[in-house]
Amino acid sequence: MTDPFRIDGQVALITGGGRGLGRAMAVGLARAGADIVVVARRDADLAETVVAVEAAGKRCLAVSGDVIADETAPRAVKTALDAFGRLDILINNAGTYHMGPIQETEPADWQRVIDVNLMGIFRFARAVGPHFLERGSGKVVNIASVLGTFGVGEATAYCASKAGVMGFTRSLAIEWAPRGINVNAIAPGLFNTDMSAGILQNEAFYKQIVAGIPRGTHGEPEDLVGTCVWLCSKASDHVVGQVVHVDGGATIV
Ligand SMILES: NC(=O)c1ccc[n+]([C@@H]2O[C@H](COP(=O)([O-])OP(=O)(O)OC[C@H]3O[C@@H](n4cnc5c(N)ncnc54)[C@H](OP(=O)(O)O)[C@@H]3O)[C@@H](O)[C@H]2O)c1
C-alpha cells in the first residue's frame with residue numbers, strides 16, 4: 001500500500017522559503033518526496049535553502065522577488081512549470097510584522113503588513129489557480145498565526161492580516177474543494193526564527209509567553225514540518241478549509 005503521507009514526484013512552491021519556517025517546510029517537503037521552488041527577496045538566503053533541499057536529495061529552484069509585486073507570482077509559477085512540468089503544492093508562508101501603538105503606526109507600515117501577509121497569498125493563489133483548476137487537484141497551505149485567533153496589543157496590522165488569512169482560507173476552500181483542490185491553513189504559535197528573535201531574547205517577556213503555552217516551550221521550525229507534509233499529502237484529502245494550530249496548546253488555555 002502506498003504511504004499516504006508521501007508526495008514523491010510532486011512539486012511545491014513555497015513563498016518566504018529563504019529562511020525560518022519556510023526553509024524548514026522546503027526541506028521537510030523534499031524529504032517527503034517533492035521538488036521545490038522557493039521565493040523570497042534575499043538571494044543569499046535562497047541559496048542556502050537550495051543547498052539544504054539538495055542535501056535532502058531533491059531539486060530546488062530559487063525565485064528572487066517580492067510577493068507584493070504583480071509579476072512575482074506568475075513568474076514563480078512559470079519557473080516551476082517550465083522546469084518540472086507540474087505544480088502540485090502552494091505554501092503561502094512569506095510574512096512580516098509591525099509592532100507599535102496605533103497612534104504611532106504610519107499608514108504605510110500598516111499597509112505593508114497587509115500587502116505582504118494578505119495580498120501576497122491572494123496573488124500566489126490566483127497565480128496557481130489556472131493550473132490547479134485545469135488538473136483538478138492541488139494543495140494550498142496558508143501560514144496564518146495564533147495572533148489571528150487571539151489578540152495581542154500593538155499589533156493591529158499583524159493580527160488583522162492573520163485573521164484575514166483564516167477567512168481567505170475558508171472562502172477559497174469552499175470555492176475550490178468541488179474542483180479537487182484542498183485549501184487549509186496552519187496557525188503557528190511562537191517559533192524560533194528571525195521573526196521572533198526579539199521575543200526569544202527578552203527573558204522576562206519570553207517567560208510570560210511560555211507561561212501560556214501548555215507544552216512549556218516555543219516551537220523549533222522542524223516542529224511545523226509534520227503538519228505541513230500532512231496538509232500537502234493524500235492523507236489530508238478530506239480536510240478542507242481548516243486552520244490547524246501548531247502552538248504547544250497556546251490557543252486552548
Ligand atoms: N516565527 C514565529 O513565531 C511565527 C509565529 C506565527 C506565524 N508565523 C508566520 O510564519 C511565516 C514565516 O515566518 P518566519 O518566522 O519563518 O519569518 P522569517 O524568519 O522572518 O522569514 C520570513 C520569510 O519570508 C520572506 N519574506 C518576507 N517578506 C517578503 C516579501 N515581501 N516578499 C517575499 N518574501 C518575503 C523572507 O525573505 P526576504 O526577507 O528575503 O524576502 C523570509 O524568507 C510568516 O507568515 C509568519 O507571520 C511565524
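All residue numbers refer to positions in the sequence shown, counting from 1. Indexing begins at 1, ligand by ligand and atom by atom, following the structure's order.
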Counting only non-hydrogen atoms and a 4.0 Å cut-off, the residues near ligand 1 are G16, G18, R19, G20, L21, A40, R41, R42, G65, D66, V67, N93, A94, G95, V116, I143, A144, S145, Y158, K162, P188, G189, L190, F191, T193, D194, M195, S196
SB check D237 K139 (cutoff 4.0 Å): yes
Note: R215-D247 ion pair, threshold 4.0 Å (strictly below): no
Contacts of E154 that satisfy salt bridge (charged side-chain N to carboxylate O under 4.0 Å, His left out) - sequence neighbours left out: none
All side chain to side chain donor-acceptor pair (under 3.5 Å) counterparts of S161, not counting sequence neighbours: N117
Can E220 and N192 be counted as having a side-chain donor-acceptor contact under 3.5 angstrom? yes
Taking only residues two or more places apart in sequence, or in another chain, which ones meet Y206 in a ring pair (Phe, Tyr, Trp, His ring centres under 6.0 Å)? H218
